[in-house]
Every structure is written in C-alpha cells, then in structure tokens.
Participant: 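Right, I'll just put the structure down here and ask away after.
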Number of protein chains: 2
Amino acid sequence: MTKARSRVLAALDNAAEPLSAAGVMEAIGQSCDQATVYRALAYLEGAGLAESFVFHCDEHGTERYYVKAAAAHRHWFHCRTCHRFVDLGSCVLDSILAGYEKEYGIRVKGHALYLTGDCADCAAKAGGA
Amino acid sequence: MTKARSRVLAALDNAAEPLSAAGVMEAIGQSCDQATVYRALAYLEGAGLAESFVFHCDEHGTERYYVKAAAAHRHWFHCRTCHRFVDLGSCVLDSILAGYEKEYGIRVKGHALYLTGDCADCAAKAGGA
DNA sequence: CGTTTTTTGCAAGTCATTCGCATTTTTGAC
DNA sequence: GTCAAAAATGCGAATGACTTGCAAAAAACG
C-alpha cells in the first residue's frame, strides 16, 4: 500500500459520509495529484476496500462518491440543503427486489436507492414545526 | 411549442424506455443541434412534460435519461447485457420511505431506485435454464 | 544496493453537458 | 397578414468530472 493510497483510504475511513474525489482531495490537503486520487480510489474499490456510487445533486453536479467498504449493503439520504449524507443503515429492499425478479423475470445483480430532501437539522431550521 | 421541442417530445413518447440526449438525437435523426436537444429536454422537464434521472452504466457512462411525464412515479431496471430499461411499474417504496422519515427525522422529497442485472431475455440466453 | 515493476505527477484528452452570440423562428400587437 | 419584440436555434467554444500517455520517482525484491 503506497503513501497516496493509504492517505486516501484514511480519508474515507475518517469521513462520516461518502466522499467524492474532490472531497478526498480536500481531506488529504492536496497532498497528491488528482489523477493519483482517482487512481487510488479505483484501486481501493477494485481491492474491495471501498465502494462507490454515482450521485447527482443540483448544486454539486454529478460525481462518484466513495465509502470505506462495509459488511452490509447500505443506502444514503442526501440533504438538499446542507448537502450532507445520512447513513440509512443496511439495505431493507431484499423482499422488494425478490418480488421484482419474480414479477418481471429479471435477475437483479445490483441496485442503488437515493433519497433526497431535508435532514432533521435543516427541516427544523427551515420549515419550523 | 416549437418544431424542435415537439420532435423531442414525440421521440420520448414513442420510446418504450428512457432516452438519453444522445438517444433523442438518434431518434429524431440529427434534425437539430445537440444544444437544442438539451435545451428542449430541459424545457420539457420544466414544463412538466418530461421527467429525468441520472444513471450510470459501465458501458455507456453517466448520462441523464428522460421519459415522458407519467401520472405515477416509476422505477426502472437496467439490463447490463442488452442495455435496455425495463419498466417496473409504479413505485412501491412509500412505506419504506415513511419508515426512514420517522426513524431518522428526515423529510424525503425525492428518491430514485436503480436496479441492474440481466433482463429475462439476456438471462435466458446467457445463464441458460 | 541495483534492477525490475508499479505508482506518481503533469499535461493533454475525453465525454456529457452548457454557454455566448449572431441568426432564425415565434409570438403578439395592430 | 405585417412588423417589431421576445424567445429559440445553430455553431463553436467552454466547463467539469474523470482518464490517459509518458517520463520521473517510489516500491518491491532478489
């Protein structure tokens, strides 16, 4: 494991939420080139040490976000106000996916669920009540 | 409604599945500039005549896909082999989303569910049995 | 240590999408 | 219909995320 890669992995590990390549760069203080960060992220994912998903947010555009690999498949909620991600715990879609497989004859090999809205803090500040 | 916009809307209407900007261009036979297609798509979505989502597929990369606006919120399955989308009917996540709202204090305003794998045809051809 | 392999930095390239701006279409008032 | 004002289009250049070629630097390894 090279210096660059362990720095990137440490950044993912320290982050409480998924990080984009830009987020990783910021976290490691520009200590390596962006190409290196992208390559490190690809390496970590290939090595099973990180996972990623592509997410689009109006304010930040479309980016791939990475998290340290975890035991269970998880989903995230993205606050459209403070732009933070909230961990929704492990995936609860198994029975729904199984239903789709049966109903449509498809074989589901991967899935992603993205929720957006206001997090508890932002909802309290904005909407009141 | 201008000529370009109605051509784009017609393309979405005729398509059985979500179309990317490139897909729309192909469908209308390059009859207008790509910038116009992008602008038409944005206009149609703003006017409530179309809906879109950003989807990433290893083979086609990340693109925004558009469908004609429908009454109910729907989800799609994407076949990683033939790269077609399968309409999964209207959304069945309401109770799950409500559960998340209660559990995490969040307010869910939008969501997207993407399934990938093999469609019935491709699964039959590939995996056999 | 010296060498072979891998990784890094830098710069240039790609791809989807957007923007500026001059020209063409539409729209609305007459 | 006709003409001016407003909006849309085409074209080319720009943007932003990400990738790649290639030479220099760092790891691996014997």
Side-chain angles (χ1 to χ4, degrees), chain A residues 1-12 15 17-67 76 78 83 85 112 114, chain B residues 1-12 15 17-67 76 78 83 85 112 114:
Chain A
M1 175 89 41
T2 66
K3 266 194 277 184
R5 289 174 180 176
S6 48
R7 272 199 287 255
V8 171
L9 184 56
L12 295 183
E17 57 181 331
L19 250 35
S20 64
V24 170
M25 297 270 287
E26 198 178 314
I28 63 178
Q30 279 74 225
S31 67
C32 44
D33 190 77
Q34 62 162 355
T36 302
V37 170
Y38 280 105
R39 285 189 277 230
L41 254 5
Y43 165 81
L44 293 172
E45 183 160 32
L49 296 168
E51 291 170 5
S52 75
F53 57 88
V54 173
F55 179 76
H56 174 90
C57 133
D58 285 340
E59 185 160 324
H60 296 159
T62 305
E63 287 181 291
R64 185 174 284 275
Y65 290 82
Y66 293 82
V67 280
W76 300 87
H78 184 255
H83 299 289
F85 286 92
Y114 302 114
Chain B
M1 177 86 43
T2 65
K3 264 193 281 184
R5 287 173 181 177
S6 47
R7 271 197 288 252
V8 170
L9 184 56
L12 294 184
E17 57 180 332
L19 250 36
S20 65
V24 171
M25 296 270 287
E26 197 179 314
I28 63 178
Q30 278 76 223
S31 68
C32 44
D33 190 77
Q34 60 163 4
T36 301
V37 170
Y38 279 104
R39 286 190 277 232
L41 253 6
Y43 166 81
L44 292 172
E45 182 159 33
L49 297 168
E51 292 170 5
S52 75
F53 57 88
V54 173
F55 179 76
H56 174 89
C57 132
D58 285 340
E59 184 158 326
H60 296 160
T62 305
E63 286 181 290
R64 184 174 284 276
Y65 290 82
Y66 293 82
V67 279
W76 301 86
H78 184 256
H83 297 289
F85 285 93
Y114 305 113

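Heavy-atom basis, side chains included; hydrogens, waters and symmetry copies ignored. Computed from a predicted structure; not experimentally measured. So you know, we letter chains A, B, ... as the sequences are listed, proteins then strands, and number each from 1.
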Participant: Is B:Arg64 close enough and on-axis enough to B:Phe55, meaning under 6.0 Å and within 45°, for cation-pi?
Facilitator: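 Ring-cation test returns no.
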Participant: Check the distance between C:dA16's P and A:Glu63's CD and give it to me in whole angstrom.
Facilitator: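 Interatomic distance, CD of A:Glu63 to P of C:dA16: 18 Å.
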Participant: Hey, which of these two, A:Thr36 or B:Ala21, hits DNA chain C nearer its 5' end, going by closest nucleotide?
Facilitator: A:Thr36
Participant: What class does the angle between the rings of B:Phe53 and B:Tyr65 fall in, given that below 30° is parallel, 30 to 60° is tilted and above 60° is perpendicular?
Facilitator: parallel
Participant: Counting only heavy atoms not in A:Glu26, do more than 12 sit closer than 6.0 Å to its CD atom?
Facilitator: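 Not more than 12 within 6.0 Å, no.
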Participant: In this structure, how many angstroms lie between the P atom of D:dT20 and the CZ atom of A:Arg39, rounded?
Facilitator: 10 Å
Participant: Expressed as a whole number of angstroms, how long is the span from A:Tyr43:OH to C:dT8:C1'?
Facilitator: 15 Å
Participant: For B:Lys3 and D:dT9, what is the distance between atoms NZ and C1' respectively, to the nearest whole Å?
Facilitator: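 Computing the B:Lys3:NZ to D:dT9:C1' distance gives 11 Å.
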Participant: Tell me the interatomic distance from B:Met1, atom CE, to C:dT27, atom C1', rounded to whole angstroms.
Facilitator: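 To the nearest whole Å, that distance equals 14 Å.
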Participant: Hey, can you tell me if A:His60 and A:His83 have their rings parallel, tilted or perpendicular (30° and 60° cut-offs)?
Facilitator: tilted
Participant: Tell me the interatomic distance from A:Glu59, atom CD, to D:dG16, atom C1', rounded to whole angstroms.
Facilitator: 15 Å
Participant: Between B:Leu41 (CG) and D:dT9 (C1'), how many Å, whole number?
Facilitator: 15 Å
Participant: So B:Ser20, base contact, sugar-phosphate only, or nothing? Heavy-atom distance under 4.0 Å.
Facilitator: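 No contact at all - B:Ser20 keeps every heavy atom at 4.0 Å or more from the nucleic acid.
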Participant: Starting at atom NE2 of A:His56, determine the distance to atom P of C:dT17, rounded to an integer number of angstrom.
Facilitator: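 My rounded result for the distance is 10 Å.
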Participant: Any donor and acceptor pair, going by atom type alone, linking the side chain of B:Glu63 with main-chain N or O of B:Ser20 inside 3.5 Å?
Facilitator: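 Such a contact is absent between B:Glu63 side chain and B:Ser20 backbone.
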Participant: If you look at every strand shown and take non-hydrogen atoms under 4.0 Å, does B:Met25 touch a base, only sugar-phosphate, or nothing?
Facilitator: nothing
Participant: Given C:dT26, D:dC18, C:dG9, which nucleotide is nearest the side-chain atoms of A:Tyr38?
Facilitator: D:dC18
Participant: Let me spell it out: for each of B:Ala35 and B:Arg5, pick the nucleotide of DNA chain D with the closest heavy atom. Which residue's pick is nearer the 5' end?
Facilitator: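 This one resolves to B:Arg5.
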Participant: Given C:dT8, D:dA17, D:dC11, which nucleotide is nearest the side-chain atoms of B:Asp33?
Facilitator: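 Among the listed nucleotides, the one closest to the side chain of B:Asp33 is D:dC11.
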Participant: Closer to the 5' end of DNA chain C via nearest nucleotide, is it B:Thr62 or B:Thr2?
Facilitator: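 Checking each residue's closest nucleotide, the 5'-ward one belongs to B:Thr62.
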